[in-house]
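All remarks here apply to the structure that follows.
Atoms within each ligand, like the ligands themselves, are counted from 1 in listed order. For clarity, every value in this text was computed on a predicted model and none was experimentally measured.
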Amino acid sequence: MKDLNFDTKAIREGYRTTGEQEHSEAIFLTSSFKFDSAEQAANRFSKEEPGNIYARFTNPTVDAFEKKLTALEGAQACTATSSGMAAIFATLMALLQSGDHVVASRNMFGTSIVLLNSIISKFNIDVTFVNLSDLDAWQDAITDNTKLFLLETPSNPLGQVVDLIALSKISKANNILLAVDNAILTPALQLPLSLGADIVIHSATKYIDGQGRCLAGAVLGSEEVIEQVHGFVRTTGPSLSAFNAWIVLKGLDTLSLRMKAHSDNALRLATWLEQQSSVEKVHYLGLESHPHHQLAKSQQSGFGGIVSFEVKGGRQAAFDIINATEIFSITANLGDAKSTITHPASTTHGRLTDEEKQAANISEGLIRISVGLENVDDLIDDINKGL
Ligand SMILES: *Cc1c(COP(=O)(O)O)cnc(C)c1O
């Protein structure tokens with residue numbers, strides 16, 4: 001189905017039936033698969049005959065999710081994982097070895113930084129952190145042993161962006177794999193592989209599920225890369241469960257509509273916030289005031305659902321606004337149909353020292369919103385209560 005449009009592929013790709021003519025995809029809740037004969041078992045194990053053996057290796061529902069996401073990202077292959085962190089960890093462990101060096105964006109999901117600093121570092125793999133948008137810093141950080149660039153664009157919560165085409169020229173010239181965590185925009189709004197990236201990583205927990213129901217992850221790229229990552233997953237076990245695969249598979253059906261609605265709501269809310277006298281600054285890529293607006297426009301087809309803003313009065317003022325809301329859920333999660341609100345300096349970025357917070361521009365008055373799918377007028381009224 002290669003020539004179809006995104007929305008059609010999102011609904012029609014990866015469909016498979018048990019033979020019972022069911023219209024909705026089935027959930028294959030089985031740990032193992034049985035064979036017609038001893039010969040077939042032998043052929044499956046020797047890979048002479050393709051097919052399922054054991055659910056840690058493959059499962060038809062997981063396969064359906066992988067096929068659909070592969071089509072949407074324009075990849076050759078995909079391997080699903082039990083969470084976004086499992087996807088990042090599997091990528092690093094499958095592709096790196098002792099002595100290798102990674103250059104990573106400083107402006108990544110907090111647990112990704114912790115993973116690099118406290119777990120990957122135990123395997124004699126060095127990491128250099130750079131500012132996401134600073135192309136010279138990526139170039140300068142390269143050593144003879146650099147194997148991988150790892151980043152998220154746009155960053156959360158401030159929406160910084162890196163020029164992926166320019167960065168991929170640097171990575172390709174130095175034989176380095178470029179891996180992009182695309183959880184914040186999803187393939188509905190950004191296709192990193194088409195901009196020169198080699199690997200796309202997902203926390204499908206976020207917008208791909210879109211309703212906060214389960215954890216899931218995925219890694220996409222060339223057959224060669226994914227074979228290695230899948231080998232790591234099937235051997236070490238962070239495989240996606242059939243049930244969770246079914247949830248995120250169904251999530252993909254409506255992804256494009258939802259991402260558009262998240263983006264529309266976010267732009268309305270951000271535009272309103274920018275007009276409020278007690279708001280010092282609004283960080284939303286869809287606003288022309290955002291320093292990366294033009295770059296984002298050139299490589300994204302939308303701006304997504306994350307809006308953050310700084311209020312006058314520091315932490316107390318921010319807490320007052322958060323506590324006055326009645327619709328928003330106070331939680332650090334994002335990518336849900338339900339809008340969420342959080343104070344990064346005391347939650348997601350609470351482990352940082354004051355100096356690190358300052359360097360990352362996480363001020364005490366900063367509030368982050370993951371704009372959901374409620375009516376935006378109600379969301380605006382809700383924020384206005386505490387302003
Ligand atoms: C949440 C998140 C992750 C981690 O995903 P889990 O599914 O929670 O393991 C990784 N990257 C980004 C950008 C995220 O938002």
Side-chain angles (χ1 to χ4, degrees), residues 62 65 69 73 78-93 102 104-120 129 132 148-162 164 179-190 192 197 199-220 229 233 236-241 243-245 247-248 251-252 255 259 262 266 285 300 303-308 329 331-336 338 340 342 344 347-349 360 362 368-372:
V62 174
F65 169 64
L69 192 56
E73 286 284 3
C78 170
T79 192
T81 57
S82 56
S83 69
M85 288 320 302
I88 298 172
F89 185 58
T91 304
L92 297 171
M93 292 308 278
V102 176
S105 164
R106 188 172 276 131
N107 316 95
M108 284 196 300
F109 184 66
T111 312
S112 302
I113 307 269
V114 175
L115 172 65
L116 289 165
N117 276 338
S118 58
I119 296 181
I120 295 299
F129 290 99
L132 173 67
L148 190 80
F149 281 178
L150 178 65
L151 61 93
E152 283 161 34
T153 179
S155 69
N156 162 33
L158 299 178
Q160 290 130 302
V161 172
V162 68
L164 281 174
V180 177
D181 180 336
N182 203 25
I184 298 291
L185 289 181
T186 81
L189 301 182
Q190 174 172 267
I199 297 164
V200 168
I201 302 177
H202 275 289
S203 168
T205 311
K206 308 293 166 54
Y207 290 103
I208 291 181
D209 169 23
Q211 294 170 66
R213 296 167 293 190
C214 72
L215 301 185
V219 186
L220 300 108
V229 179
V233 171
T236 61
S239 316
L240 182 58
S241 79
F243 189 79
N244 289 0
I247 291 175
V248 288
L252 286 175
L255 181 68
M259 292 314 291
H262 281 294
L285 277 169
Q300 305 173 192
F303 303 107
I306 305 297
V307 173
S308 42
S329 309
T331 165
N333 196 24
L334 59 89
D336 197 307
K338 298 184 175 88
T340 69
T342 186
T347 60
T348 50
H349 294 69
I362 304 295
R368 188 201 72 191
I369 288 175
S370 165
V371 185

For the atom pair NZ (K206) and CG (L215), what is the distance rounded to the nearest 0.5 Å?
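Answer rounded to 0.5 Å: 9.0 Å.
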Starting at OH of Y207, measure out to CE of M259 and round the result to the nearest 0.5 Å.
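Output value for this atom pair is 5.5 Å.
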Residue among V219, L116, I201 satisfying side-chain contact (heavy atoms from CB on, under 4.5 Å) with I88:
I201
Among I247, V248, N244, exactly one meets side-chain contact (heavy atoms from CB on, under 4.5 Å) together with F65. Which residue is that?
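When I247, V248, N244 are each tested with F65, the side-chain contact (heavy atoms from CB on, under 4.5 Å) holds only for V248.
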I'd like to know if the side chain of N107 and the backbone of L132 have a donor-acceptor N/O pair within less than 3.5 Å.
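Yes; at least one donor-acceptor contact below 3.5 Å.
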Could you tell me whether the side chain of S370 and the main chain of T340 form a donor-acceptor pair under 3.5 Å?
no
Which residue and heavy atom of the protein sit nearest [atom], plus the separation:
atom                    : result
atom 11 (N) of ligand 1 : D181 OD2, 2.6 Å
atom 7 (O) of ligand 1  : T205 OG1, 2.6 Å
atom 9 (O) of ligand 1  : M85 N, 2.8 Å
atom 4 (C) of ligand 1  : F109 CE2, 3.4 Å
atom 5 (O) of ligand 1  : S203 OG, 2.9 Å

Would you kindly specify which portion of K206 sits under 4.0 Å from ligand 1, judged on non-hydrogen atoms: side chain, backbone, both or neither?
side chain
Take every heavy atom of T111, measure it against each atom of ligand 1, and state whether any distance is under 4.0 Å.
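Outside the 4.0 Å threshold, so no.
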Measure from atom 6 (P) of ligand 1 to every heavy atom in A216, A204, G84 and give the option owning the shortest one.
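Heavy atom nearest to atom 6 (P) of ligand 1 belongs to G84.
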